[in-house]
Amino acid sequence: MNRLLVSPSPHIHTRTSTRSLMLDVVIALLPSVIVSILYYGWSAVEILASSVVFCVLLEYLITKYLLKRPCTVGDLSAVVTGIILALNLPPAAPWWVAMIGAVVAIGVAKMTFGGLGQNVFNPAITGRVFLLISFPAIMTTWDGAKGFIGGIDAVSGPTPLGIVKEGLMQGQTIDQIFAANDFSYFQMLFVNIGGSAGEISALAVIAGFIYMLARKVIRPYITLSILVTVAVFSGIFWLIDPSQYTDPLFNLLTGGVLLGSVFMATDYVTSPMSDKGGIIFGVGIGVITMLIRYFGAYPEGMSFAILIMNSTVPLINKFCKQKKYGRA
Amino acid sequence: MKKTFSIGGVHPDDKKISAGCAIEVLPTPKKVYISMAQHLGGPAKATVAAGDKVKTGQVIGEPTGFISAFVHSSVTGTVKSVGLRKDLAGIPVIHVEIDVEDDEWMDGIDTTDTIVREIPQDTKFILDRIRNNGVVGLGGATFPTNVKLCPPPDKKADILILNGAECEPYLTSDYRIMLEKSEQIVIGAALMKHVLGVERVVIGIEENKPEAIAKMKEAVASLAAGTAGYSGIEVMTLKKKYPQGGEKQLIDAVTHRQVKSMGLPIDVGVVVQNVATSLAVYEAVQKNKPLIDNTITVTGECFPKQSNLLVRVGTPLSYIVDWLGGIPETAAKAVSGGPMMGKAIANMDAATLKGTSSILFLTEEQTKRKPETNCIRCGKCAEACPMGLEPFLLNKLAKNRMYDELEENAVQDCIECGCCLYSCPANIPLLDIIRIAKGDVIRIIRSRTAPKK
Ligand code: SF4
Ligand code: SF4
């Protein structure tokens, strides 16, 4: 017998690791990845590949040469950031857009704060918002890329949200806009018309959500509170004036609401710890998103909403603590 | 709905691989080493010296102070020495070393198997027997049982909870005694119920032990039908969740009461005793038999023979393990107690204590800590903490020595269950650090509340 190990309890550990959690997120993202590749073809592959490669490479280079710390790419969080960033880009965007996004996401939003766990803002969204502000043209047009499934030729042009915003500004009513553009919810559920790679299929995102819940990667509160808030908020306005305000279902299915509420707002690092805090966080995101959509200059508000609420997380954590045993 | 505690908890794999092994009596070793520090409180004072002849069940150590306990010889033989010897953590403690001869029991001890069901009416008689026979809590804390059964006059218990949760993975000794000695356990409970003057006794058992639940229910029913003094005893099935057997958690699960921070169960009218303690109470009171043996689980996937053994107190661990075939090559760690809260054994030559419940062998793969990485703020530690604490925060505060904030965030409430460290995906040694901080903060609180001299 060799010498027995002596260390304090507990003597066993869960099999879940940071890496296994991130791997589960990657798996949950796969349906969305597959749909976007089927729908947008090689241009989706290109943008996904370049985004992931640049994110991982940057983290590797920064830990190795700048911070001179053990390399952390093995935890797969850079892969997750890469995929989410790519799903937030128009598939026809050139590869260097992904690269710039990666620099902002990993280089600025993540590593300057000290790497995984230290950042205040969600890296992928920071990257996206930076691109949205810097390259509005590229970021809001959906060039007709050739997909892999026959019969579907991607339409070029703005997203449904963009079309609605445009139409309303020209004085059209919602009904007219819908009729003119032939929107259907059925289509949105499966493959949407125009949208960044990750926004096109609600079902794919929902499948990922269910997977993450089943694997206990996330808890449902943040996502559900965002969705409920968006539905209630838009429901109220839509009931007041259906000719000027889009209805709840349209708001849930378009833009980044699903993708954002499932994959981006639930990011551990940049969301509150407690369930109570998560609900406040989610309601905040929902309200800000709808305010921007209805009254703001941008057609889409999810990314901004998440970033704004990210900055409130330390505060939320401070005030929303779990109930302690034996203390009133 | 099955009951459980309301905050936190984790579900480690059960691994009760020794559950099917009936209790075997381990042959008495050639030598035993009986520790004088087997209980919480002041160590006992040895009352024998080298050369003395002792009989099985004879007192060899006397209590020193109110919270202390008698220690008895578990064998018949000649005292070889009284002196320092290393315990399982390697710390020197006074032990009485005895060369073992053939068993000769002290007079007045009933060694037959006859079950004595009648409850003596004199509570003082019961308490004296418990005290004189050295009974201590066998659920982990080894607090002298007679003291726990005599709450201060301003506090009154209204319920006795018997802890049969055995929520730690691998451990099966409580399970086996519940199967094999169910009636004795219930009689022990009735004795304690009588002493405490409570109307209600709840025996809490987790749902993963259906046979034990059935057996205990049967014992309760048959005793209640035949003899006086057995009313108000019930078996409650609890959901499986660790740490159900934690005193505070069990109280919450059974009564929905919560003990205040730094308080005791009696503050909310509850006394908790382990099922093994109840068995010891039965033997002490009804058979006048001192606590000189106990059931120990020897287990682990890498260990060749799973077993539950009835072992005399003071038996060297190495003797038990060698009797079962020796320590396997692949074992990297031996633990006394469960894998969540047990202590790593540093010294295999150490002897068993009254409170030793198991020897568990773990392989390197099962037990090795992985390198620590960044906290990803996943909140899994907070979700797991049964006291509702925020381990990630306590960890950070402890590293910065922020004692006021640590106290505000209730580090002193930590029950050292290990749920936080167990759950952390970043392998942060949360409890290691929290444990130290808790000790420091409790010292600070004590020094503040202690009367100024
Ligand atoms: S060890 Fe302490 S801090 Fe950690 S989960 Fe248990 S009670 Fe909470
Ligand atoms: S479980 Fe570990 S990684 Fe998660 S919040 Fe707690 S300390 Fe951080």
Side-chain angles (χ1 to χ4, degrees), chain A residues 1-24 63 69-70 72 74-75 77 80 110 113-120 216-219 266-275 277-278 313-314 317-318 320-328, chain B residues 7 10 12 89 169 248 252 258-261 263 326-327 329 331-335 337 339-346 348 360 362 364 366-370 373-380 382-383 385-390 392 410 413 416 418-419 421-427 431-432 435:
Chain A
M1 181 209 50
N2 27 24
R3 275 183 60 90
L4 289 173
L5 256 153
V6 178
S7 57
S9 63
H11 306 287
I12 49 173
H13 197 270
T14 172
R15 273 183 293 270
T16 310
S17 62
T18 303
R19 185 192 165 93
S20 77
L21 289 169
M22 294 301 157
L23 186 65
D24 272 336
T63 45
R69 279 203 310 224
T72 50
D75 66 25
S77 63
V80 170
K110 185 175 179 186
F113 285 88
L116 182 64
Q118 310 290 312
N119 48 304
V120 177
K216 296 204 164 68
V217 177
I218 56 167
R219 290 158 76 87
T266 54
D267 170 28
Y268 291 141
V269 181
T270 57
S271 67
M273 295 265 191
S274 65
D275 294 339
V313 166
N317 276 341
K318 202 160 170 170
C320 296
K321 297 205 183 244
Q322 166 167 223
K323 208 174 140 347
K324 289 189 174 62
Y325 180 102
R327 289 171 181 254
Chain B
I7 306 171
V10 293
K248 296 196 163 111
D252 183 21
Q258 294 190 347
V259 183
K260 287 249 153 30
S261 173
I327 301 181
E329 270 301 312
K333 193 189 251 180
V335 177
M340 295 297 286
M341 288 186 85
K343 285 202 171 61
I345 300 172
M348 267 294 171
L360 162 65
L362 295 168
E364 177 156 353
Q366 286 172 314
T367 192
K368 190 145 196 247
R369 296 258 183 105
K370 286 177 227 78
T373 53
N374 272 1
C375 169
I376 54 170
R377 294 197 251 166
C378 62
K380 291 199 184 286
E383 204 181 305
C385 179
M387 296 305 289
L389 312 182
E390 294 165 295
F392 63 92
D413 290 1
E416 302 185 26
C419 289
L421 203 162
Y422 172 83
S423 333
C424 177
N427 305 311
L431 176 54
D432 297 1
R435 194 183 269 129

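Each chain gets a letter, A, B and so on, in the order the sequences are listed, and its residues count up from 1.
Interface residue B:I7: only side-chain heavy atoms are found under 4.5 Å from chain A. Only the backbone of B:C375 comes within contact range of chain A, with at least one heavy atom under 4.5 Å from a heavy atom of that chain. Proximity to chain A (any heavy atom under 4.5 Å) is restricted, for B:T373, to the side chain, taken from C-beta onward. When heavy atoms are compared at a cutoff of 4.5 Å, A:D275 does not approach chain B at all. Contacts between B:L362 and chain A at a heavy-atom distance below 4.5 Å involve the side chain alone, from C-beta outward. Heavy atoms of B:L360 lying under 4.5 Å from chain A are absent altogether. Using a 4.5 Å cut-off between heavy atoms, A:I12 contacts chain B through both its backbone and its side chain. For B:Q366, the part sitting under 4.5 Å from any heavy atom of chain A is the backbone (N, CA, C, O) and nothing else. Proximity to chain B is limited to the side chain of A:R219, based on heavy atoms less than 4.5 angstrom apart. Using a 4.5 Å cut-off between heavy atoms, B:P12 touches chain A through its side chain atoms alone. Interface remark: B:L431 contributes side-chain atoms only to the contact with chain A (heavy atom separation under 4.5 Å). Within the 4.5 angstrom heavy-atom criterion, only side-chain atoms of B:P169, from C-beta onward, approach chain A. When heavy atoms are compared at a cutoff of 4.5 Å, B:V259 approaches chain A by way of both its backbone and its side chain.
By number of non-hydrogen pairs under 4.5 angstrom with chain A, the leading residue of B:G379, B:A410, B:P386 is B:A410. Ranked by heavy-atom pairs under 4.5 Å with chain A, the first of B:D252, B:N374, B:V10 is B:N374. Per-residue heavy-atom pair counts under 4.5 Å with chain A were compared for B:C419, B:A346, B:G342, and the maximum is reached by B:G342. Annotation: maximal heavy-atom pairing with chain A below 4.5 Å, among B:A344, B:G263, B:A334, occurs at B:A344. Ranked by heavy-atom pairs shorter than 4.5 Å toward chain A, the options B:E364, B:E383, B:K343 are led by B:E383. Heavy-atom pairs under 4.5 Å with chain A were tallied for B:S423, B:S261, B:P339, B:A89; the largest tally goes to B:P339.
Between A:P10 and B:R369, the shortest heavy-atom distance links the atoms O-NH2, 3.9 Å. In terms of heavy-atom proximity, B:E416 sits nearest to B:R435 at OE1-NE, 3.0 Å. Contact between A:Y268 and B:I376 at its shortest, heavy atoms only, is CB-O, 3.2 Å.
More than 12 heavy atoms of other residues, nucleotides or ligands shown are found within 6.0 angstrom of NZ on A:K321.
Salt bridge B:K248/B:D413: absent, no basic N to carboxylate O contact under 4.0 Å.
Between B:K380 and A:L21 the shortest side-chain heavy-atom distance falls below 4.5 Å. B:M340 is listed as a side-chain neighbour of B:Y422, based on a closest heavy-atom distance under 4.5 Å. With contacts defined as side-chain heavy-atom distances shorter than 4.5 Å, the pair A:L116/A:T72 does not qualify. Counting heavy atoms from C-beta on, the side chains of A:N317 and B:E390 never come closer than 4.5 Å. Between B:P425 and A:S20 there is no side-chain heavy-atom pair separated by less than 4.5 Å.
By the side chain to side chain donor-acceptor pair (under 3.5 Å) test, A:T270 pairs with A:D267, sequence neighbours left out.
A:S77 and A:K110 share a donor-acceptor pair across their side chains, judged by distance under 3.5 Å alone.
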